[in-house]
Amino acid sequence: MPELPEVETIRRALAPRVEGRRIEALEILDPRWCAPLDCAEVRHAVEGRAVERLERRGKYLVFALSDEVHLITHLRMTGTMLYDPGPDARYQRVRFGLDDGHELRFCDPRRFGTGELALGDAAREAFFAGRVGIEPLDGVLDGPALRALARGRRTGAKAFLLDQRKIAGVGNIYADEALFRAGVHPLRAAGALTGRQCEALARAVVDALSAGLEAGGATIDDFRHPDGVQGGFQHEFLVHLREGEECLTCGREIVKFVAAGRGTYVCERCQPRPRGVRRPQAPRGVRSGRP
DNA sequence: CGCCCTGTTGGGGA
DNA sequence: ATCCCCAACAGGGC
(Lines give C-alpha, C1' and ligand atoms only; values in the text may rest on other atoms or scores of the structure.)
Protein backbone atom coordinates (compact mmCIF):
# COMPACT_ATOMS: atom_id res chain seq x y z
CA MET A 1 0.00 0.00 0.00
CA PRO A 2 2.33 2.73 1.07
CA GLU A 3 4.68 4.24 -1.43
CA LEU A 4 6.61 7.40 -0.70
CA PRO A 5 3.65 9.83 -0.59
CA GLU A 6 1.63 7.55 1.68
CA VAL A 7 4.47 7.04 4.12
CA GLU A 8 5.24 10.74 4.16
CA THR A 9 1.58 11.51 4.82
CA ILE A 10 1.62 9.13 7.75
CA ARG A 11 4.85 10.63 9.04
CA ARG A 12 3.49 14.18 8.91
CA ALA A 13 0.35 13.21 10.74
CA LEU A 14 2.20 11.34 13.44
CA ALA A 15 5.33 13.43 13.99
CA PRO A 16 3.72 16.19 16.09
CA ARG A 17 2.08 13.59 18.27
CA VAL A 18 5.04 11.34 18.95
CA GLU A 19 8.07 13.60 18.83
CA GLY A 20 9.18 14.41 22.35
CA ARG A 21 7.11 11.58 23.77
CA ARG A 22 8.68 8.64 25.50
CA ILE A 23 7.77 5.11 24.47
CA GLU A 24 6.86 3.53 27.76
CA ALA A 25 5.72 0.20 26.40
CA LEU A 26 6.39 -1.73 23.24
CA GLU A 27 4.20 -4.77 22.91
CA ILE A 28 5.14 -7.00 20.04
CA LEU A 29 2.15 -9.23 19.49
CA ASP A 30 3.60 -10.84 16.36
CA PRO A 31 7.26 -11.88 16.68
CA ARG A 32 7.52 -12.10 12.93
CA TRP A 33 7.50 -8.30 12.85
CA CYS A 34 11.06 -7.99 14.16
CA ALA A 35 12.36 -11.47 13.28
CA PRO A 36 15.03 -12.68 13.43
CA LEU A 37 15.61 -10.27 16.29
CA ASP A 38 14.38 -11.30 19.68
CA CYS A 39 11.25 -9.44 20.79
CA ALA A 40 12.55 -8.88 24.29
CA GLU A 41 15.76 -7.45 22.93
CA VAL A 42 13.91 -4.96 20.71
CA ARG A 43 11.57 -4.09 23.53
CA HIS A 44 14.41 -3.45 25.89
CA ALA A 45 16.15 -1.17 23.41
CA VAL A 46 13.03 0.89 22.76
CA GLU A 47 11.16 1.14 26.03
CA GLY A 48 11.90 4.22 28.11
CA ARG A 49 13.48 6.09 25.23
CA ALA A 50 12.13 9.32 23.80
CA VAL A 51 11.19 9.76 20.15
CA GLU A 52 13.47 12.59 19.11
CA ARG A 53 12.29 12.61 15.52
CA LEU A 54 9.92 10.66 13.31
CA GLU A 55 11.58 10.41 9.93
CA ARG A 56 11.13 8.85 6.52
CA ARG A 57 13.71 7.37 4.19
CA GLY A 58 12.27 5.97 0.99
CA LYS A 59 9.32 3.92 2.15
CA TYR A 60 10.79 3.36 5.60
CA LEU A 61 9.33 5.09 8.65
CA VAL A 62 12.05 5.66 11.23
CA PHE A 63 11.66 6.32 14.93
CA ALA A 64 14.85 8.14 15.85
CA LEU A 65 15.08 7.57 19.59
CA SER A 66 17.40 8.94 22.21
CA ASP A 67 20.96 7.58 22.43
CA GLU A 68 21.07 7.02 18.65
CA VAL A 69 18.69 4.11 18.79
CA HIS A 70 16.75 3.84 15.52
CA LEU A 71 13.64 1.76 15.09
CA ILE A 72 13.33 1.30 11.35
CA THR A 73 9.87 0.20 10.30
CA HIS A 74 8.41 -0.74 6.95
CA LEU A 75 4.68 -1.02 6.29
CA ARG A 76 5.14 -3.17 3.21
CA MET A 77 1.92 -3.75 1.33
CA THR A 78 -0.89 -3.66 3.87
CA GLY A 79 0.56 -2.20 7.05
CA THR A 80 -1.01 0.77 8.83
CA MET A 81 0.19 2.85 11.76
CA LEU A 82 -2.88 3.99 13.67
CA TYR A 83 -3.14 6.56 16.47
CA ASP A 84 -5.53 5.57 19.26
CA PRO A 85 -7.58 3.25 17.08
CA GLY A 86 -9.36 1.56 19.95
CA PRO A 87 -8.93 -1.96 21.24
CA ASP A 88 -11.08 -3.55 18.55
CA ALA A 89 -8.77 -2.66 15.68
CA ARG A 90 -8.18 -5.70 13.53
CA TYR A 91 -4.86 -7.33 12.69
CA GLN A 92 -2.91 -5.75 15.50
CA ARG A 93 0.77 -6.64 15.46
CA VAL A 94 2.55 -4.08 17.63
CA ARG A 95 1.46 -1.57 20.25
CA PHE A 96 3.46 1.54 21.15
CA GLY A 97 2.39 2.96 24.50
CA LEU A 98 3.35 6.63 24.83
CA ASP A 99 4.02 8.50 28.05
CA ASP A 100 1.06 10.83 27.51
CA GLY A 101 -1.42 7.99 27.60
CA HIS A 102 -1.90 7.79 23.87
CA GLU A 103 -0.85 4.85 21.79
CA LEU A 104 0.19 3.80 18.33
CA ARG A 105 -0.86 0.49 16.90
CA PHE A 106 0.72 -1.15 13.93
CA CYS A 107 -1.91 -3.21 12.15
CA ASP A 108 -1.15 -5.44 9.21
CA PRO A 109 -3.46 -8.16 7.87
CA ARG A 110 -0.79 -9.63 5.65
CA ARG A 111 1.99 -9.57 8.22
CA PHE A 112 4.65 -8.42 5.78
CA GLY A 113 5.52 -5.30 7.74
CA THR A 114 8.85 -5.23 9.56
CA GLY A 115 10.62 -3.49 12.39
CA GLU A 116 14.39 -3.45 12.63
CA LEU A 117 16.82 -1.97 15.05
CA ALA A 118 19.89 0.11 14.27
CA LEU A 119 22.06 0.94 17.24
CA GLY A 120 24.01 4.08 16.49
CA ASP A 121 23.85 6.54 13.60
CA ALA A 122 26.50 4.60 11.70
CA ALA A 123 24.46 1.40 11.87
CA ARG A 124 21.47 3.29 10.59
CA GLU A 125 23.42 4.70 7.66
CA ALA A 126 24.79 1.27 6.85
CA PHE A 127 21.28 -0.12 6.84
CA PHE A 128 20.08 2.42 4.31
CA ALA A 129 23.24 2.55 2.24
CA GLY A 130 22.61 -0.84 0.74
CA ARG A 131 18.88 -0.40 0.27
CA VAL A 132 17.78 3.06 -0.74
CA GLY A 133 19.05 5.59 -3.26
CA ILE A 134 18.32 9.27 -3.78
CA GLU A 135 15.22 10.93 -2.39
CA PRO A 136 13.19 12.04 -5.42
CA LEU A 137 11.52 14.94 -3.61
CA ASP A 138 14.74 16.43 -2.30
CA GLY A 139 15.34 18.31 -5.53
CA VAL A 140 18.17 16.07 -6.63
CA LEU A 141 16.31 14.10 -9.27
CA ASP A 142 16.58 15.61 -12.72
CA GLY A 143 17.25 14.28 -16.21
CA PRO A 144 21.03 14.00 -15.93
CA ALA A 145 20.80 12.41 -12.49
CA LEU A 146 18.35 9.81 -13.72
CA ARG A 147 20.47 9.15 -16.76
CA ALA A 148 23.53 8.58 -14.63
CA LEU A 149 21.65 6.10 -12.46
CA ALA A 150 20.27 4.24 -15.48
CA ARG A 151 23.53 4.13 -17.36
CA GLY A 152 24.53 0.68 -18.49
CA ARG A 153 21.38 -0.98 -17.25
CA ARG A 154 19.82 -3.39 -19.67
CA THR A 155 16.72 -3.93 -17.60
CA GLY A 156 13.39 -2.29 -18.41
CA ALA A 157 12.53 1.25 -17.38
CA LYS A 158 9.92 0.02 -14.96
CA ALA A 159 12.25 -2.38 -13.16
CA PHE A 160 14.66 0.52 -12.93
CA LEU A 161 12.10 2.80 -11.31
CA LEU A 162 11.17 0.08 -8.83
CA ASP A 163 14.77 -0.45 -7.80
CA GLN A 164 14.86 1.27 -4.41
CA ARG A 165 18.65 1.38 -4.48
CA LYS A 166 18.55 3.89 -7.33
CA ILE A 167 15.54 6.11 -6.62
CA ALA A 168 13.86 5.62 -3.26
CA GLY A 169 10.14 5.40 -2.74
CA VAL A 170 8.64 4.64 -6.16
CA GLY A 171 6.29 1.68 -6.08
CA ASN A 172 4.17 -0.09 -8.62
CA ILE A 173 1.43 2.51 -8.97
CA TYR A 174 3.66 5.58 -9.20
CA ALA A 175 6.00 3.75 -11.56
CA ASP A 176 3.15 3.13 -14.01
CA GLU A 177 1.95 6.67 -13.57
CA ALA A 178 5.35 8.22 -14.19
CA LEU A 179 6.05 6.07 -17.23
CA PHE A 180 2.70 7.02 -18.70
CA ARG A 181 3.22 10.73 -18.07
CA ALA A 182 6.65 10.54 -19.65
CA GLY A 183 5.47 8.47 -22.60
CA VAL A 184 8.01 5.79 -21.87
CA HIS A 185 7.27 2.11 -22.34
CA PRO A 186 8.01 0.03 -19.20
CA LEU A 187 10.09 -2.45 -21.17
CA ARG A 188 12.33 0.11 -22.83
CA ALA A 189 15.87 -0.55 -21.71
CA ALA A 190 16.74 1.89 -18.94
CA GLY A 191 20.27 2.42 -20.15
CA ALA A 192 19.04 3.23 -23.64
CA LEU A 193 16.75 6.10 -22.65
CA THR A 194 17.54 9.29 -24.53
CA GLY A 195 18.45 12.47 -22.73
CA ARG A 196 15.02 13.83 -23.52
CA GLN A 197 13.32 10.72 -22.16
CA CYS A 198 15.38 10.86 -18.98
CA GLU A 199 14.35 14.47 -18.58
CA ALA A 200 10.69 13.63 -19.06
CA LEU A 201 10.85 10.61 -16.80
CA ALA A 202 12.62 12.43 -13.98
CA ARG A 203 10.04 15.21 -14.11
CA ALA A 204 7.21 12.68 -14.28
CA VAL A 205 8.46 10.83 -11.21
CA VAL A 206 8.73 14.04 -9.19
CA ASP A 207 5.37 15.32 -10.43
CA ALA A 208 3.52 12.07 -9.77
CA LEU A 209 4.92 11.73 -6.27
CA SER A 210 4.22 15.37 -5.51
CA ALA A 211 0.66 15.04 -6.73
CA GLY A 212 0.20 11.99 -4.54
CA LEU A 213 1.57 13.83 -1.56
CA GLU A 214 -0.67 16.83 -2.15
CA ALA A 215 -3.64 14.52 -2.33
CA GLY A 216 -2.72 13.20 1.08
CA GLY A 217 -1.42 9.93 -0.17
CA ALA A 218 -4.86 8.77 -1.17
CA THR A 219 -3.66 6.48 -3.89
CA ILE A 220 -4.83 3.16 -2.76
CA ASP A 221 -8.11 1.74 -1.60
CA ASP A 222 -6.52 0.24 1.47
CA PHE A 223 -4.73 3.39 2.51
CA ARG A 224 -5.50 4.40 6.04
CA HIS A 225 -4.54 7.65 7.65
CA PRO A 226 -3.20 7.32 11.19
CA ASP A 227 -6.55 8.63 12.38
CA GLY A 228 -8.31 5.81 10.67
CA VAL A 229 -9.73 7.79 7.78
CA GLN A 230 -9.95 5.71 4.66
CA GLY A 231 -8.37 7.20 1.60
CA GLY A 232 -8.20 6.39 -2.01
CA PHE A 233 -11.75 6.69 -3.25
CA GLN A 234 -10.71 8.17 -6.55
CA HIS A 235 -7.21 8.40 -7.90
CA GLU A 236 -8.02 11.87 -9.12
CA PHE A 237 -4.47 13.02 -9.42
CA LEU A 238 -3.50 9.98 -11.42
CA VAL A 239 -3.58 10.70 -15.10
CA HIS A 240 -3.04 7.10 -15.95
CA LEU A 241 -6.17 4.98 -15.96
CA ARG A 242 -5.45 1.70 -14.28
CA GLU A 243 -8.75 -0.04 -14.14
CA GLY A 244 -10.46 1.46 -17.13
CA GLU A 245 -10.68 0.32 -20.68
CA GLU A 246 -9.36 3.27 -22.60
CA CYS A 247 -6.49 5.72 -22.36
CA LEU A 248 -7.74 9.11 -21.20
CA THR A 249 -5.38 10.84 -23.58
CA CYS A 250 -5.89 8.99 -26.84
CA GLY A 251 -8.61 6.42 -26.32
CA ARG A 252 -6.45 3.44 -27.10
CA GLU A 253 -7.23 0.37 -25.04
CA ILE A 254 -4.99 -0.01 -22.01
CA VAL A 255 -3.13 -3.29 -22.06
CA LYS A 256 -1.94 -5.18 -19.05
CA PHE A 257 1.00 -7.50 -18.67
CA VAL A 258 3.61 -8.48 -16.13
CA ALA A 259 6.77 -6.39 -16.06
CA ALA A 260 9.38 -6.52 -13.33
CA GLY A 261 7.18 -9.15 -11.72
CA ARG A 262 4.31 -6.69 -11.21
CA GLY A 263 1.00 -6.05 -12.91
CA THR A 264 1.65 -3.29 -15.43
CA TYR A 265 -0.79 -1.08 -17.31
CA VAL A 266 0.25 0.61 -20.53
CA CYS A 267 -1.14 2.66 -23.38
CA GLU A 268 1.02 1.46 -26.23
CA ARG A 269 0.12 4.46 -28.34
CA CYS A 270 1.22 7.02 -25.74
CA GLN A 271 4.05 4.73 -24.63
CA PRO A 272 5.31 3.14 -27.84
CA ARG A 273 6.80 -0.29 -27.45
CA PRO A 274 10.42 -0.33 -28.56
CA ARG A 275 11.18 -2.18 -31.75
CA GLY A 276 12.26 -5.71 -31.10
CA VAL A 277 10.42 -5.91 -27.82
CA ARG A 278 7.41 -8.18 -27.67
CA ARG A 279 4.56 -7.57 -25.35
CA PRO A 280 4.51 -10.39 -22.80
CA GLN A 281 1.36 -12.45 -22.60
CA ALA A 282 -0.55 -11.95 -19.40
CA PRO A 283 -0.59 -15.42 -17.92
CA ARG A 284 -4.22 -16.08 -17.12
CA GLY A 285 -5.04 -19.17 -15.19
CA VAL A 286 -1.68 -20.60 -16.11
CA ARG A 287 0.35 -21.64 -13.16
CA SER A 288 3.84 -22.99 -13.46
CA GLY A 289 3.15 -26.22 -11.66
CA ARG A 290 5.47 -27.30 -8.96
CA PRO A 291 7.84 -30.15 -9.79
C1' DC B 1 -19.54 -23.48 -1.54
C1' DG B 2 -14.87 -23.89 -2.84
C1' DC B 3 -10.98 -23.50 -5.79
C1' DC B 4 -7.79 -20.49 -8.03
C1' DC B 5 -5.76 -16.24 -9.04
C1' DT B 6 -4.11 -11.58 -7.90
C1' DG B 7 -1.70 -8.02 -5.12
C1' DT B 8 0.38 -1.48 -2.85
C1' DT B 9 6.93 -4.80 -1.09
C1' DG B 10 11.42 -6.44 -0.43
C1' DG B 11 14.83 -10.25 0.32
C1' DG B 12 17.13 -14.32 -1.00
C1' DG B 13 18.53 -17.83 -4.05
C1' DA B 14 19.23 -19.48 -8.86
C1' DA C 1 23.29 -8.12 -13.09
C1' DT C 2 18.69 -10.13 -13.49
C1' DC C 3 14.88 -13.05 -12.88
C1' DC C 4 11.78 -15.94 -10.16
C1' DC C 5 9.70 -17.25 -6.03
C1' DC C 6 8.20 -16.54 -1.50
C1' DA C 7 6.20 -14.53 2.83
C1' DA C 8 0.43 -14.45 4.70
C1' DC C 9 -3.79 -13.08 4.04
C1' DA C 10 -8.26 -10.95 1.81
C1' DG C 11 -11.15 -10.55 -1.89
C1' DG C 12 -12.96 -11.37 -6.41
C1' DG C 13 -14.05 -14.36 -10.43
C1' DC C 14 -15.72 -18.54 -11.94
Side-chain angles (χ1 to χ4, degrees), chain A residues 1-10 29-37 56-61 72-81 90-93 106-116 127-133 149-178 186-187 189-192 208-209 212-213 215-225 230-233 235 237-238 240 242-243 256-265 280-291:
Chain A
M1 167 202 74
E3 303 185 26
L4 187 154
E6 288 74 38
V7 179
E8 179 62 17
T9 298
I10 291 167
L29 289 63
D30 180 4
R32 195 183 306 266
W33 179 68
C34 60
L37 266 52
R56 179 193 57 77
R57 183 76 174 89
K59 303 175 192 172
Y60 291 89
L61 188 64
I72 304 174
T73 70
H74 198 297
L75 274 38
R76 283 294 178 83
M77 291 173 72
T78 53
T80 51
M81 197 66 84
R90 300 170 75 191
Y91 313 115
Q92 295 185 31
R93 306 297 176 204
F106 173 66
C107 300
D108 184 8
R110 225 162 132 179
R111 302 171 67 195
F112 282 180
T114 56
E116 303 181 55
F127 178 89
F128 288 128
R131 289 169 230 253
V132 291
L149 291 170
R151 185 176 174 181
R153 301 205 72 192
R154 269 173 278 216
T155 187
K158 176 154 180 177
F160 167 73
L161 289 182
L162 291 178
D163 187 344
Q164 303 298 300
R165 295 168 299 184
K166 298 293 188 290
I167 301 171
V170 181
N172 197 40
I173 291 181
Y174 287 98
D176 272 8
E177 173 72 11
L187 296 180
L209 293 175
L213 191 52
T219 38
I220 306 123
D221 295 340
D222 284 347
F223 177 69
R224 290 186 69 193
H225 192 272
Q230 295 266 93
F233 21 95
H235 315 318
F237 60 95
L238 296 180
H240 182 33
R242 299 194 74 236
E243 301 287 349
K256 181 194 179 184
F257 52 84
V258 174
R262 306 282 184 250
T264 301
Y265 297 83
Q281 296 294 326
R284 212 154 183 55
V286 184
R287 196 66 179 166
S288 48
R290 31 165 315 194

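Letters go in sequence order (proteins before strands), and every chain restarts at 1. When reading the values below, keep in mind they use all heavy atoms of this one structure, side chains included, and skip hydrogens, waters and symmetry mates.
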Original post:
Do A:R93's NZ or CZ and the ring of A:Y91 fall within the cation-pi criteria of under 6.0 Å and 45°?
Top reply: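 Because its charged atom misses either the 6.0 Å distance or the 45° angle limit, A:R93 does not stack over A:Y91.
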Whole angstrom value for the distance that separates [atom2] of [N] from [atom1] of [X]:
{"X": "A:K158", "N": "C:dT2", "atom1": "NZ", "atom2": "C1'", "value": "17 Å"}
{"X": "A:N172", "N": "B:dG7", "atom1": "CG", "atom2": "C1'", "value": "9 Å"}
{"X": "A:L161", "N": "C:dT2", "atom1": "CG", "atom2": "C1'", "value": "16 Å"}
{"X": "A:M77", "N": "C:dA7", "atom1": "CE", "atom2": "C1'", "value": "11 Å"}
{"X": "A:R154", "N": "C:dC3", "atom1": "CZ", "atom2": "C1'", "value": "15 Å"}
{"X": "A:L61", "N": "B:dT9", "atom1": "CG", "atom2": "P", "value": "16 Å"}
{"X": "A:R76", "N": "C:dC6", "atom1": "CZ", "atom2": "P", "value": "16 Å"}
{"X": "A:F128", "N": "B:dG11", "atom1": "CZ", "atom2": "P", "value": "11 Å"}

[N] phosphate, OP1 or OP2: any side-chain N/O from [X] under 4.0 angstrom?
{"X": "A:T155", "N": "C:dC3", "answer": "yes"}
{"X": "A:R153", "N": "C:dT2", "answer": "yes"}
{"X": "A:Q164", "N": "B:dT9", "answer": "no"}
{"X": "A:K256", "N": "B:dG7", "answer": "yes"}
{"X": "A:H74", "N": "B:dT9", "answer": "no"}

Taking any heavy-atom pair under 4.0 Å as a contact, classify [X]: base, sugar-phosphate, or nothing.
{"X": "A:F160", "answer": "nothing"}
{"X": "A:R262", "answer": "base"}
{"X": "A:G261", "answer": "nothing"}

Original post:
Taking the six-membered ring for Trp, are A:Y60 and A:F128 parallel (under 30°), tilted (30 to 60°) or perpendicular (over 60°)?
Top reply: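 Rings of A:Y60 and A:F128: perpendicular, over 60°.
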Subject >> Lys/Arg N to Asp/Glu carboxylate O, A:D108 vs A:R76, below 4.0 Å >> reply: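 Here A:D108 does not pair with A:R76 in a salt bridge, since their nearest N and O are not under 4.0 Å apart.
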Original post:
Do A:K158 and A:D176 sit within salt-bridge range, that is, some charged N less than 4.0 Å from a carboxylate O?
Top reply: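 Salt bridge present between A:K158 and A:D176.
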**OP:** Using the aromatic ring of A:F112 (for Trp, its six-membered ring), decide whether it stacks on the base of C:dA7 within the limits of 5.5 Å and 30°.
**Re:**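 Yes, A:F112 stacks on the base of C:dA7, since the ring centres sit under 5.5 Å apart and the planes are within 30°.
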**OP:** Rounded to the nearest 0.5 Å, what's the gap from CD1 on A:I10 to OG1 on A:T80? Could you check?
**Re:**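 Here the rounded value is 7.5 Å.
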Subject >> Point-to-point distance, once rounded to the nearest 0.5 Å, from CG of A:L149 to CG of A:L161 >> reply: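 Going from the CG atom of A:L149 to the CG atom of A:L161 covers 10.5 Å.
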Which atom pair, heavy atoms only, marks the closest approach of [X] to [Y]?
{"X": "A:H225", "Y": "A:T9", "answer": "CD2-CG2, 4.2 Å"}
{"X": "A:A175", "Y": "A:L162", "answer": "CB-CD2, 3.9 Å"}
{"X": "A:I173", "Y": "A:E3", "answer": "N-OE2, 3.1 Å"}

**OP:** Check step by step if side-chain contact (heavy atoms from CB on, under 4.5 Å) holds for A:Q92 and A:D30.
**Re:** CA-CA 8 Å; A:Q92 295 185 31; A:D30 180 4; over 6 Å; no
Between protein and nucleotides 12-14 of chain B, what N or O pairs are separated by less than 3.5 Å?
none

Show each protein N/O and nucleotides 9-12 of chain C N/O combination with a separation under 3.5 Å, one pair to a line.
unit_1, atom_1, unit_2, atom_2, d
C:dC9, OP1, A:R111, NH1, 2.5
C:dA10, OP1, A:Y91, OH, 3.4

